[in-house]
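Below is one structure, written out as structure tokens, with a few remarks after it.
Proteins get letters first, then strands, A, B, ... in listed order; numbering begins at 1 in each.
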Amino acid sequence: MEAKEKRKRSAEYEAVVRAGPNLRRIQQAHAHLVVTGCYRSRALLTKLLTLTCAAGAIAYTRRIFRSVSDPDSFLFNSLIKASSKFGFSLDTVVFYRRMLLSRIAPSTYTFTSVIKACADISDLRLGTLVHSHVFLSGYASDSFVQAALVTLYAKSCAPRVAQKVFDEMPERSIVAWNSMISGYEQNGLASEAVEVFNRMPEFGVEPDSATFVSVLSACSQLGSLDLGCWLHECIVESGITMNVVLATSLVNMFSRCGDVGRARAVFDSINEGNVVSWTAMISGYGMHGYGVEAMEVFRRMKAHGVVPNSVTFVAALSACAHAGLIDEGRLVFASMKKEYGVVPGVEHHVCMVDMFGRGGLLNEAYQFVKGLRSDDLVPALWTAMLGACKMHKNFDLGVEVAENLISAQPENPSHYVLLSNMYALAGRMDRVESVRNVMIQRGLKKQVGYSTIDVDNKSYLFSMGDKSHPETNEIYRYLDELVWRCKDAGYAPMPESAMHELEEEEREYALRYHSEKLAVAFGLMKTGHGVTLRIVKNLRICEDCHSAIKFMSIVMNREIIVRDKLRFHHFREGSCSCLDYW
DNA sequence: TTAGGGTTAG
């Protein structure tokens, strides 16, 4: 009799397992259990709960959980793990609280899941509280818990705390190293991420594919092609399997470091691409202004049966915007909702305004903005509008837009600079002065622009008028001479795009020693003929530098590639790949 | 009566 009972139960259990994370089948299995009276079995209930959670039916999970009279430790742990794993972080916290209230002791397994949930919602306060529970429970030296804590602090914008936890770990697993590297990378501290990576060999730790994915992202931020190529070699030498995530990371790195050809070569080597890898390639072409190529990849992606999502559409629309493909952009935008059911969000709206604006269709851009719901009117729309006003010299509209921007974000100094630029271009110097005074009153400082360039595997940083470099005198002299040669070739400095409060002569001086010009001069000085220069600027390249670098590419017969905040500019033989379309 | 963790791409 007993054996028979046991066989029956295990058959029921098997039936639940077979249902898998499919809500309809789980419900059928659940109904069957209720009918046969087996639903009182804890094992079955627990399995049922984790499966409903995996199926994404969190409301159903909660309902079943509420019906359990006296949940045990196994049930709590299963539920906490499943809810955390499938992204129901707030539920994880609620279940954890219930567990504590039920006076059931959490284990290291409980903590890893709860800490991951706190990390996913970047809740530092809650995470710190759980960290104190870890101490009280005596699990502070568990390596899994510690690795989870590193992730928690890293993802909650506290990378220094993460580093402290990491440093105090007696044994650091590869996952802990990876958490530390990705933590720095995700907080925009790319150099620190690379430093951690470089310290791995001295601890005898072999990087795995997740390590490379994170360090490649850091490299993309830095825009350092030398570093990226070296990492690529490391991956090949390590014999790590090139999975789609790693390959996509490489595609992104090569694009963002200015070598879209290599990005394409890696992309072509991917066997089973997914929506992320295709999107990465579209975005890569887009940021270089290769709109036709981007749209070709977009077309091929659809032909391969890969369904574009919201991010893909941002990449495709932005590619159209940066290449002036207005009609194609319109078609893409129209197809979003109609063919793919993707509802346009604020990012897509910004792309459209940017696209119309760059193309000189200011009125259409403005009408597009006016047609949006008021809660969709994000500052980025006005910034795109403003860029268009400046490019196409519509100062009245520009002033109106800049004033809108300032009222929306009075604490953002770059809006004041834009407004001041607009007034200056419109010849309203009295207003320029008053905007500047407002900035001073409110204690707002213009964001400092800087440019970096790699020479002989070393990164050099320049800011405007920078004199910190040991070879400053040589660089300035070289640049002065270069500017003279450019002037001979037809370059005319454009003083109006400098800070307008300066006197005429000072303005030209300030322009001449902009960070990107200093970086170009240094690169030309230090590298041999035929070497392509690659510069990364943190802000948008200024109009005058854009013009000057075109001339530099002629007089020095060099290819110069500049990545700015928005896109790439390839300067060659006196023209730029953006076709002045930025 | 039942399993098991923390890291990675657009």
Nearest-angstrom distance from the residue atom [atom1] of [X] to [atom2] of [N]:
X	N	atom1	atom2	result
L250(A)	dG10(B)	CG	P	12 Å
D72(A)	dA3(B)	CG	C1'	13 Å
L75(A)	dA3(B)	CG	C1'	13 Å
F197(A)	dT8(B)	CZ	P	16 Å
K47(A)	dA3(B)	NZ	P	6 Å
R42(A)	dA3(B)	CZ	C1'	17 Å
I80(A)	dG4(B)	CD1	P	17 Å
Q221(A)	dA9(B)	CD	P	12 Å

For residues [X] and [Y], is any side-chain donor paired with an opposing acceptor at under 3.5 Å?
X	Y	result
H133(A)	Y139(A)	no
H322(A)	Y285(A)	no
S84(A)	S113(A)	no

* To do: Decide, applying a 5.5 Å centre-distance limit and a 30° plane-angle limit (both strict), whether F144(A) stacks on dG5(B).
  => yes
For [X], report the nucleic acid contact type (base, sugar-phosphate, nothing); a contact means any heavy atom under 4.0 Å.
X	answer
S107(A)	base
T151(A)	sugar-phosphate
V314(A)	nothing
D120(A)	nothing
S182(A)	sugar-phosphate
T211(A)	nothing
E185(A)	nothing

* May I ask you to evaluate whether Q186(A) reaches the phosphate of dT7(B), defined as a side-chain N or O under 4.0 Å from OP1 or OP2? => no
* Looking only at side-chain N and O atoms, does N178(A) come under 4.0 Å of OP1 or OP2 in dT8(B)? -> no
* Between the main-chain N or O of S107(A) and the side-chain N or O of T110(A), is there a donor-acceptor pair closer than 3.5 Å? -> yes
* To do: For the residue pair F95(A) and F65(A), categorise the inter-ring angle as parallel (less than 30°), tilted (30 to 60°) or perpendicular (more than 60°).
  => perpendicular
* Asked: For the residue pair Y290(A) and H288(A), does the interplanar ring angle fall in the parallel (under 30°), tilted (30 to 60°) or perpendicular (over 60°) class?
  -> parallel
Among [options], find the nucleotide with the atom closest to the side chain of [X].
X	options	value
T279(A)	dG10(B), dT1(B), dT7(B)	dG10(B)
D142(A)	dG5(B), dA9(B), dT7(B)	dG5(B)
S283(A)	dG10(B), dT7(B), dT8(B)	dG10(B)
N77(A)	dT8(B), dA3(B), dA9(B)	dA3(B)
S209(A)	dG5(B), dA9(B), dT8(B)	dT8(B)
K81(A)	dT1(B), dT8(B), dG5(B)	dG5(B)

Is there a donor and acceptor pair closer than 3.5 Å between the side chain of [X] and the base of [N]?
X	N	value
N309(A)	dG10(B)	yes
N274(A)	dA9(B)	yes
S173(A)	dG6(B)	yes
T108(A)	dG5(B)	yes

* To do: Report yes if the distance between the aromatic ring centroids of F313(A) and F333(A) is under 6.0 Å, otherwise no.
  => no
* Cation-pi check, R98(A) to F76(A): give yes when NZ or CZ is under 6.0 Å from the six-membered ring centre and within 45° of the ring axis, no otherwise. => no
* Over-ring placement of K337(A) relative to Y340(A), 6.0 Å and 45° cut-offs -> no
* Where along residues 236-248 of chain A does a heavy atom come under 4.0 Å from DNA chain B, residue by residue in number order? -> V244(A), V245(A), T248(A)
